Amino acid sequence: MNKQLTENKKSLITNIFLLLGDTTGKYLITILIISIFLLPILHIYIPEDSYTISLLGKYLCFALLALSLDLIWGYAGILSLGHGAFFGLGGYMMGMHLMREIGDRGVYGNPELPDFMVFLNWEKLPWFWYGFDSFLFASLMVILVPGLLAFIFSALAFGSRVTGVYFSIITQALVFTLMLAFFQNNFGFGGNNGLTDFKDILGKDISSKETRGALYICSAFMLILGYLICRIIISSKIGNILVGIRDRETRMRFLGYNTTVFKIIIFTISAVLAGIAGALYVPQVGIINPGEFSPIKSIEIVVWVALGGRGFLYGAIIGAIVVNVLKSYLTIISPEIWIIFLGLIFILVTIYLPNGLTDLRRLIKRYYGRK
Amino acid sequence: MVENKNILEVKNVTVSFDGFKALNSLSLEIKKSQMIAIIGPNGAGKTTLQDVITGKTKIDNGKIYFKNNDLSQFSEHAIVELGIGRKFQRPTIIENISVWDNLCIALNTKKTFLSCLLTKLKQKDLNKLLEIINTINLEEKKNLIAKNLSHGEKQWLEIGMLLMQESDLLLIDEPVAGMTETETKKTSDLLLNIAKDRTIIVVEHDMNFIESLNVEIIVLHEGRVLTRGNMNSIKRNKQVIDVYLGR
């Protein structure tokens with residue numbers, strides 16, 4: 001009878017940090033922590049390789065992005081087909097700082113204006129670029145801008161009770177609008193070239209091995225932190241409430257929950273995580289352009305989560321990494337085949353593994369159990 | 001303030017959908033700690049009446065007072081906080097979480113995001129959970145995922161969730177539709193048991209079930225109260241026979 005009570009007496013926080021009952025999560029975090037110590041060292045001592053660690057760091061950024069989508073889609077049933085919007089915005093905020101860091105080392109040597117502004121014959125820095133010379137300010141914007149947009153957007157949508165597929169469609173519209181806006185040269189973000197040619201970050205050469213290693217460590221650390229934050233939310237009562245909102249929102253409302261507020265908050269948290277992922281992504285790939293806002297990219301995120309298995313958190317991480325590793329190798333072999341291949345595995349997984357790759361474990365267990 | 005014996009007062013409430021008056025200046029009062037049954041033919045306004053009481057449908061005209069609060073001033077979830085719980089016709093539980101978790105989320109605590117994130121179950125909450133899971137006879141199935149319950153058990157779980165909320169007024173829509181005879185019997189026992197310290201409005205078609213509850217009955221017809229009284233007087237009422245019971 002008192003099983004629940006004793007379970008309950010262990011503090012939620014210790015439960016989380018020991019990741020009790022979350023074996024896969026435990027393995028995943030252990031691997032990430034080992035990689036934090038191992039990879040940058042290996043990277044520095046293998047002279048000819050200067051690329052792999054950034055590639056791995058990029059995968060981790062995508063994993064964090066997928067994780068942020070799983071938080072809303074896997075639990076609250078909110079399918080965002082525009083999560084690239086928040087990822088891209090976070091990326092642009094970091095990109096703006098890196099542009100300011102270039103200083104007078106640009107092609108035109110203007111200490112105040114980034115090259116593309118000189119090229120457009122702009123006299124002075126637009127007001128929305130103020131403050132971005134400070135890393136701290138830019139980091140704050142990485143959180144604030146995607147967060148604020150998500151808050152306003154979801155408050156409007158959920159407040160007027162737009163749900164389900166209609167919500168998904170307007171998220172597509174959101175990301176598409178951003179793409180069109182950022183493609184404009186006079187919008188002030190470098191038009192279709194975006195922001196690039198970064199020189200250094202926090203005074204360190206951005207393409208040096210040490211910086212790349214450090215960026216990898218930051219990405220892994222943020223992914224672990226993001227995972228723990230999501231796990232804390234899901235393991236609390238909120239997890240069940242979100243599932244309730246997904247399955248029977250009216251029941252939740254008649255239980256006295258203001259479901260709109262819950263959805264707005266969880267959507268905003270998710271957008272902030274996506275923004276952070278974007279901000280870590282940009283220095284590692286060295287460019288941010290409006291292509292990040294293309295609707296197809298946002299749909300790809302959904303595919304990662306679906307392949308990994310939605311509603312497990314670690315599923316999203318595994319899905320994002322597996323798909324992107326495959327993508328890296330297959331696009332080298334044959335770029336045309338990749339998209340067909342992705343479509344094919346997507347179809348196969350939806351038919352045979354309804355819970356994505358997380359089903360594999362169950363299949364393997366069943367196979368060995370029979371033996 | 002004068003002590004008001006009526007927990008719920010519906011005064012001249014009219015609701016129309018595209019010109020059709022689902023409720024036609026309907027008035028009724030319900031006393032504290034009373035169980036009452038509402039019957040009526042299809043389209044009499046039974047569901048609409050529940051919708052307006054719970055704030056799901058807005059009223060065109062008239063007022064509804066619950067414990068002397070004008071309900072038009074409250075949103076759906078605020079009405080729940082005032083103490084009105086609703087049981088839907090089809091079982092609306094959260095299918096993908098356990099029986100125990102279903103009851104936990106119904107617990108009558110602060111329901112803001114932050115308090116749901118941080119607060120833990122207290123001993124008194126736990127006692128309440130155990131008490132109610134016993135009342136609805138599901139203590140052996142508490143760790144079962146709710147979708148695996150039988151139809152009747154789902155209905156009891158939902159009633160249990162309303163009990164967790166500590167509502168003063170429960171609206172219960174067709175609780176025994178689709179139940180077996182044993183389940184129906186168990187449900188009427190359950191309702192009679194929980195009616196001891198709260199007000200319950202049961203909307204039901206099954207006359208045998210209502211008879212077994214042995215409570216006052218309100219007959220609705222075309223958005224108005226046709227008559228109210230006990231089973232015997234209702235059965236003999238000529239109007240009721242004409243519009244509902246049939247000859």
Side-chain angles (χ1 to χ4, degrees), chain A residues 1-16 74-77 151 154 158-159 161 229-269 310-312 355, chain B residues 50 54-56 75-88 90-98 100-123 125-127 129-130 133-134 139 142-143 146-147 158 161-162 164-165 167 171:
Chain A
M1 154 188 157
N2 273 326
K3 189 164 154 269
Q4 262 90 7
L5 182 65
T6 43
E7 265 173 24
N8 183 52
K9 268 190 176 159
K10 288 177 208 149
S11 121
L12 180 69
I13 303 299
T14 48
N15 269 349
I16 290 308
Y75 293 91
F151 177 78
S154 62
F158 297 140
R161 301 212 173 159
I229 290 173
C230 292
R231 189 52 78 193
I232 287 173
I233 294 174
I234 294 308
S235 313
S236 77
K237 213 170 153 186
I238 310 258
N240 286 331
I241 294 167
L242 293 180
V243 172
I245 290 174
R246 180 186 76 197
D247 291 354
R248 295 230 189 236
E249 189 167 355
T250 21
R251 168 40 78 216
M252 297 310 286
R253 237 182 257 133
F254 283 118
L255 282 176
Y257 291 99
N258 189 342
T259 55
T260 307
V261 171
F262 276 78
K263 287 197 286 185
I264 293 170
I265 295 176
I266 205 76
F267 191 78
T268 307
I269 293 174
R310 63 185 269 226
F312 299 95
N355 289 318
Chain B
Q50 297 174 70
T54 51
K56 192 182 177 200
S75 61
E76 281 166 284
H77 58 90
I79 290 176
V80 176
E81 272 165 37
L82 281 179
I84 298 183
R86 180 176 190 179
K87 155 93 193 67
F88 293 94
R90 278 185 299 159
T92 50
I93 51 172
I94 312 306
E95 305 254 340
N96 287 311
I97 61 180
S98 70
W100 180 265
D101 285 341
N102 263 286
L103 292 174
C104 278
I105 56 172
L107 191 69
N108 187 23
T109 50
K110 260 181 87 183
K111 283 170 177 163
T112 61
F113 191 90
L114 219 62
S115 59
C116 289
L117 185 64
L118 300 174
T119 38
K120 294 189 293 171
L121 281 180
K122 294 180 185 66
Q123 182 64 49
D125 299 333
L126 201 76
N127 291 341
L129 277 158
L130 290 169
I133 207 161
N134 275 314
E139 65 271 51
K142 67 179 178 192
N143 291 324
K147 65 178 163 199
E158 195 180 357
M161 289 164 80
L162 295 185
M164 292 302 302
Q165 276 176 263
S167 308
L171 303 177

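Numbers restart at 1 for each chain; the letters A, B, ... are given by sequence-line order, proteins then strands. Everything quoted here is computed from the prediction, not taken from an experiment.
Within the model, atoms NE2 of His77(B) and OG1 of Thr260(A) stand 7.0 Å from one another, a figure rounded to the nearest 0.5 Å. Atoms OG1 and CZ, from Thr54(B) and Arg253(A) in turn, are 11.0 Å apart once rounded to the nearest 0.5 Å. Tyr257(A) contributes atom OH, which lies 5.5 Å from atom CD1 of Ile105(B) (distance to the nearest 0.5 angstrom). Here the CZ atom belonging to Phe113(B) is positioned 4.5 Å from the CD1 atom belonging to Ile266(A), to the nearest 0.5 angstrom. Here the straight-line distance linking atom NZ of Lys120(B) with atom NZ of Lys237(A) works out to 14.0 Å at 0.5 Å rounding. Taken to the nearest 0.5 Å, the CG atom of Leu255(A) stands 10.5 Å off from the CE atom of Met164(B).
Ile238(A) and Cys116(B) get closest at one heavy-atom pair: CD1-CB, 3.8 Å. Residues Ile233(A) and Leu117(B) come closest through the heavy atom pair CA-CD1, 3.9 Å. Closest heavy-atom contact between Arg251(A) and Lys87(B): NH2-CA, 3.9 Å.
For Asn258(A), the parts lying under 4.5 angstrom from a heavy atom of chain B are both the backbone and the side chain. For Val261(A), no part lies near chain B; criterion is any non-hydrogen pair under 4.5 Å. With a 4.5 angstrom heavy-atom cutoff, Cys104(B) touches chain A only via backbone atoms. Heavy-atom distances place the backbone of Thr112(B), and not its side chain, under 4.5 Å from chain A. For Ser115(B), no part lies under 4.5 angstrom from a heavy atom of chain A. Contact of Glu158(B) with chain A is made through the side chain alone, with heavy-atom distances under 4.5 Å.
Partners of Asn102(B) by side-chain contact (heavy atoms from CB on, under 4.5 Å), not counting sequence neighbours, listed by chain and number: Ile93(B), Ile94(B), Ile97(B), Ala146(B), Leu157(B), Met161(B).
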